[in-house]
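Reviewing the structure listed below.
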Amino acid sequence: MSVTERMFVSKNLSVNEKGHLVIGKNDTVELAEKFGTPLYVVDEELVRENCRVYKNAMDKYYGGRGLVLYASKAFCAKYIYRVVKEEGLGIDVVSGGELYTALKADFPMDKVYFHGNNKTVGELEMAVENGVGNIIVDNIYELERLNEIAKAHGVVQDIMFRIKPGVDAHTHSFIRTGQIDSKFGVALENGEAFEICKRASEMPNVRVNGIHCHIGSQIFDIEPFCEAAEIMMNFAGDIKDELGIEIEKLNLGGGYGIRYTPQDDPVPYDDYIKHVSEVVKAAARKRGVKLPFILMEPGRSIIAPAGITLYTVGGIKDIKNVRKYVSVDGGMGDNPRYILYESEYDAVAANKADAPKTEKVTIAGKCCESGDLLIKDIMLPELHVGDTLAVLATGAYNYSMASNYNRIPRPAVAAVSDGKAEIVVKRESYEDLIRNDL
Ligand SMILES: *Cc1c(COP(=O)(O)O)cnc(C)c1O
C-alpha cells in the first residue's frame with residue numbers, strides 16, 4: 001500500500017502529480033468540472049471487490065451454501081442492481097419502490113428478499129404477482145394478509161420470519177436484553193416467534209422456509225453476530241422439535257461496520273462469515289438440524305466506502321474565537337446523516353489533496369437549518385471559494401436518503417471505473433421538481 005493510499009479512510013483514493021484527489025483513476029477536480037457539483041461518485045471496481053469479498057468468504061468458509069444479498073436501501077438505482085446482478089448477488093428490498101426499480105433493471109426475482117415492518121397490501125400484492133423469491137414476514141397481521149393474497153393468486157409464497165434475537169449490538173460492545181424494544185419483527189422470549197411459526201404452519205398458501213434477524217448497523221464486533229447466529233439456530237432446533245418445521249435458510253442480516261473516520265476500525269468483511277459459519281455448524285450438530293443455507297445482507301459495507309461526494313466551496317465565515325464555517329453547494333439534501341445522527345465523516349480538499357491540514361473548520365450545507373452541517377470541526381488545508389471538497393465514504397445512505405428540501409435538485413451519480421466516468425443517475429432539473437405540481 002502506498003503512502004498516498006494510507007492517507008485516506010477509503011483505500012481506493014490517491015493523489016496525482018497535480019495534487020488532485022483521484023478515484024477509480026479519475027481526477028476528482030476534472031469530474032467536478034465535467035459533471036458539476038454536488039456530485040456523487042461511485043467507484044465501481046471497489047463495489048465489485050466488496051461483493052467478491054463476501055461471496056468468496058461464503059465459498060471458502062461455508063462451502064458456497066449461501067447467498068449474499070445486497071441491502072438496496074443503502075443505495076438504490078437501476079445501475080447498482082445491474083452491478084450486483086453481474087456479481088451474482090441477490091438483493092433485499094424494503095418497499096414497492098425498490099422492488100419496482102429492481103424489476104426495471106431486470107433483476108432475477110427469485111433472488112429478491114422483501115423486508116419491512118409494515119408492507120402495504122399493495123406492496124404484498126406486487127411482490128406475489130412478480131414472483132419475489134422470499135418475503136420476510138414481520139408480524140401476524142402481515143402473515144394473514146399475505147396468506148390471503150397468495151391464495152387469491154393461486155400460489156404458495158416462500159416466507160421467512162423476522163425474529164428479534166434479543167441481541168442488542170452497540171458500536172463497540174453488545175448486551176443481551178431480556179426483552180427488546182423494537183418495531184421490527186417478533187420476539188423470541190415471549191413466545192411470539194414460536195406462535196407465528198405455528199400459525200404459518202397451518203396456512204395453506206405460505207411456506208416457512210427460513211428465519212431472519214438483523215441486529216443493527218455500523219457494528220464493529222463479530223461476537224454479536226455469532227451470538228445471534230447461535231440463538232437463531234437454537235430457535236430452529238425448537239421449532240423442529242416442537243412443530244416439525246425444518247428451517248432451510250438462516251438469514252443473518254447486515255450491519256457490518258465501515259471506516260468513516262480514521263478512528264473507526266472495522267473487522268475485515270470475510271471474518272464475519274468465517275466465525276459465524278463455525279457457530280452455525282456447531283449449533284446444527286448440537287441441535288440435530290440440517291445445515292441451513294445462509295444469507296447475509298450487507299448494504300453499507302458494500303457501497304459506502306466506494307462513494308465520495310464532490311462539492312464546491314462557497315462562502316467562508318470566520319467567526320473569531322468561535323468557529324470557521326466553510327459552506328458548500330450541497331448539504332442535508334444530499335447527505336442528511338449529520339442532521340439525523342450527527343454522523344461523522346472525513347473530507348479532503350480535492351484540488352490540494354496533499355496540502356498540510358492547517359486549520360479546523362466546520363463544513364456547512366446550504367439549507368435553511370442551523371443543523372445543516374456535513375462535518376463539524378475537521379482539520380483541512382485552508383480553503384478558498386471555488387475549491388473542490390470531497391466528503392469520503394458517502395456511498396451508502398446519502399443518495400438513498402436525499403431529499404428536495406428547499407427545492408434543491410438531487411445531484412447526479414457518476415460511476416467511475418478504470419479511468420472512465422459515466423453518469424448513472426442524472427442530476428435533477430428544476431423541471432423535475434415541479435413535475436407533479438398541478
Ligand atoms: C438496513 C438493513 C440491512 C443493511 O444494513 P447495513 O448496515 O447497511 O449493512 C440489512 N438487512 C436489513 C433487514 C436491514 O434493515
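Both counts, for ligands and for their atoms, begin at 1 and track the order of listing.
- Rounding to the nearest 0.5 angstrom, the gap separating the CG atom in Asn118 from the NZ atom in Lys183 is 8.5 Å.
- Between Arg162 and Glu142 no salt bridge is recorded (no basic side-chain N to carboxylate O distance below 4.0 Å).
- In this structure, Phe225 has its ring center under 6.0 Å from that of Tyr256.
- Aromatic ring centroids of His115 and His212 lie under 6.0 Å apart.
- Checked by atom type and distance alone, the side chain of Asn335 pairs as donor or acceptor with a backbone atom of Arg337 at under 3.5 Å.
- Protein residues having a heavy atom under 4.0 Å from any atom of ligand 1 are Ala71, Lys73, Asp92, His115, Arg162, His212, His214, Ser217, Gly254, Gly255, Glu297, Pro298, Gly299, Arg300, Tyr397, listed by chain and number.
- Counting only residues at least two apart or on different chains, no ring pair (Phe, Tyr, Trp, His ring centres under 6.0 Å) pair has a member in residues 273-292.
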